[in-house]
Amino acid sequence: MFDNLSERLESSFKLLKGQGRITEVNIAETLKDVRRALLDADVNFKIAKEFTKDVKEKALGANVLNAVKPGQLMVKIVRDELAQLMGGTAEEIDLKRQPAVILMAGLQGSGKTTFSGKLAGFLKNKKSKNPLLVAGDVYRPAAIDQLKVVGEQIGAPVYTEEGNKNPVKIAKAAIKEAKTKGHDVVIVDTAGRLAVDEDMMKEISAIKDAINPHEILFVVDSMTGQDAVNTAKEFNDRLDFNGVILTKLDGDTRGGAALSIRKVVDKPIKFVGTGEKLDALDVFHPDRMADRILG
Ligand code: GDP
């Protein structure tokens with residue numbers, strides 16, 4: 001996970017760590033290296049530039065030049081700034097209401113159905129909830145079957161309506177069913193498309209308006225880097241979602257989406273997917289991720 005970035009940052013700091021006396025020029029060179037590392041990780045240009053500017057200000061403010069261990073101090077400043085860039089502290093999902101209604105949004109293949117199952121399992125096992133999964137991807141029979149398989153593995157029932165092609169009606173009926181059957185969380189999986197298109201946006205907006213979800217979670221493949229960030233922006237402009245789910249982090253050697261998304265859409269990353277198995281999800285902790293990146 002983010003191996004390239006870790007290696008690049010580590011080599012950026014070599015210059016400072018080995019040096020007896022540190023000069024402002026050394027710091028400037030290191031920061032240039034850090035910026036290149038961020039750009040190679042597919043971090044947005046503006047964000048990378050601001051990042052190094054902020055680090056420089058903090059470094060001068062902390063009087064790095066006169067520190068006993070300037071290299072270590074710089075690493076700490078970069079680490080704190082990385083954590084800040086990714087959102088600072090972990091943010092939970094809102095489960096206060098009965099039932100809590102969670103709407104999943106995102107492109108086809110982003111990992112929505114898999115994550116819906118992972119979330120149901122997490123809520124069942126870690127939060128003692130009784131979730132109901134809802135098959136709102138009505139166009140692909142395979143998608144409904146996939147959710148059924150996932151539900152079975154997790155031990156969570158799946159609400160489907162054979163032959164009904166209206167996801168708004170299905171979602172509303174599912175919430176009614178959840179109330180009568182005592183489910184405290186409803187997770188609505190929806191249809192994605194291969195790229196952002198108007199029909200998909202209209203449909204998901206209509207579902208949002210009809211069921212008034214407490215959480216809209218935008219699911220995105222972290223391996224798509226800047227595309228992930230651009231897609232997040234388009235979905236957020238339409239849906240004003242509550243949080244981001246970054247999937248496939250296990251295959252992401254670069255990390256650009258994780259580092260840019262928060263700043264671009266101003267919404268927290270709430271969970272990350274770290275594998276195909278249904279227990280491969282983690283609550284996203286920006287500070288722990290920053291520690292990992294700087295190894
Ligand atoms: P959907 O079309 O958005 O519902 O996407 P799916 O849930 O069907 O996922 C698409 C593919 O990505 C499947 O092959 C999943 O097994 C895979 N996938 C989903 N999440 C992860 C993850 O966190 N890591 C990895 N490696 N694969 C994932």
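Reckoned from all heavy atoms, side chains included, excluding hydrogens, waters and symmetry mates. Order of appearance sets the numbers: ligands from 1, and atoms from 1 within every ligand.
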Do D240 and K267 come close enough that some side-chain heavy atom pair is under 4.5 Å?
yes

Which residue and atom name correspond to the protein heavy atom nearest [atom], and how close is it?
{"atom": "atom 5 (O) of ligand 1", "result": "G111 N, 3.0 Å"}
{"atom": "atom 2 (O) of ligand 1", "result": "G109 N, 2.7 Å"}
{"atom": "atom 27 (N) of ligand 1", "result": "E276 CG, 3.3 Å"}
{"atom": "atom 8 (O) of ligand 1", "result": "Q146 NE2, 2.9 Å"}
{"atom": "atom 7 (O) of ligand 1", "result": "T114 OG1, 2.6 Å"}

Between K165 (side chain) and V138 (backbone), is there a donor-acceptor pair under 3.5 Å?
yes

Looking at T253 and F2, would you say the former's side chain and the latter's main chain have a donor-acceptor pair under 3.5 Å?
no

Below 4.0 Å from any atom of ligand 1, is there a heavy atom belonging to G275?
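Flag set, G275 near ligand 1.
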
Can a non-hydrogen atom of G192 be found less than 4.0 Å from any atom of ligand 1?
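Flag not set, G192 not near ligand 1.
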
Should the heavy atoms of other residues, nucleotides or ligands under 6.0 Å from CD of Q108 be counted, would the total exceed 12?
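More than 12 heavy atoms, drawn from other residues, nucleotides or ligands, come within 6.0 Å of this atom.
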
Record the part of D250 in heavy-atom contact with ligand 1 below 4.0 Å; permitted values are side chain, backbone, both and neither.
side chain

I need the atoms of ligand 1 closer than 4.0 Å to a non-hydrogen atom of [X], numbered in the order shown.
{"X": "T274", "result": "23 (O)"}
{"X": "G273", "result": "23 (O)"}
{"X": "K118", "result": "22 (C), 23 (O)"}
{"X": "L107", "result": "3 (O)"}

Within the 3.5 Å criterion, strictly below it, is a donor on T23 or N26 matched to an acceptor on the partner's side chain?
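The criterion, which ignores hydrogens and geometry beyond distance, is satisfied for N26 and T23.
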
Within the 3.5 Å criterion, strictly below it, is a donor on K169 or N164 matched to an acceptor on the partner's side chain?
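No, because no side-chain N or O of K169 sits under 3.5 Å from a partner of the opposite role on N164.
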
Rounded to the nearest 0.5 Å, what's the gap from CG on N4 to CG on L9? Could you check?
11.0 Å

As an exercise, state the distance from CG of L107 to CG of D197, rounded to the nearest 0.5 Å.
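Rounded to the nearest 0.5 Å, the CG-CG separation comes to 9.5 Å.
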
Which is closest to atom 17 (C) of ligand 1 by heavy-atom distance: K112, Q108, K248?
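Residue with the shortest heavy-atom distance to the ligand atom: K248.
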
Please test D189 against T113 for side-chain hydrogen bond (donor to acceptor under 3.5 Å, both in side chains), starting from the C-alpha separation and ending with a verdict.
CA-CA 6 Å; D189 189 17; T113 304; 2.7 Å; yes

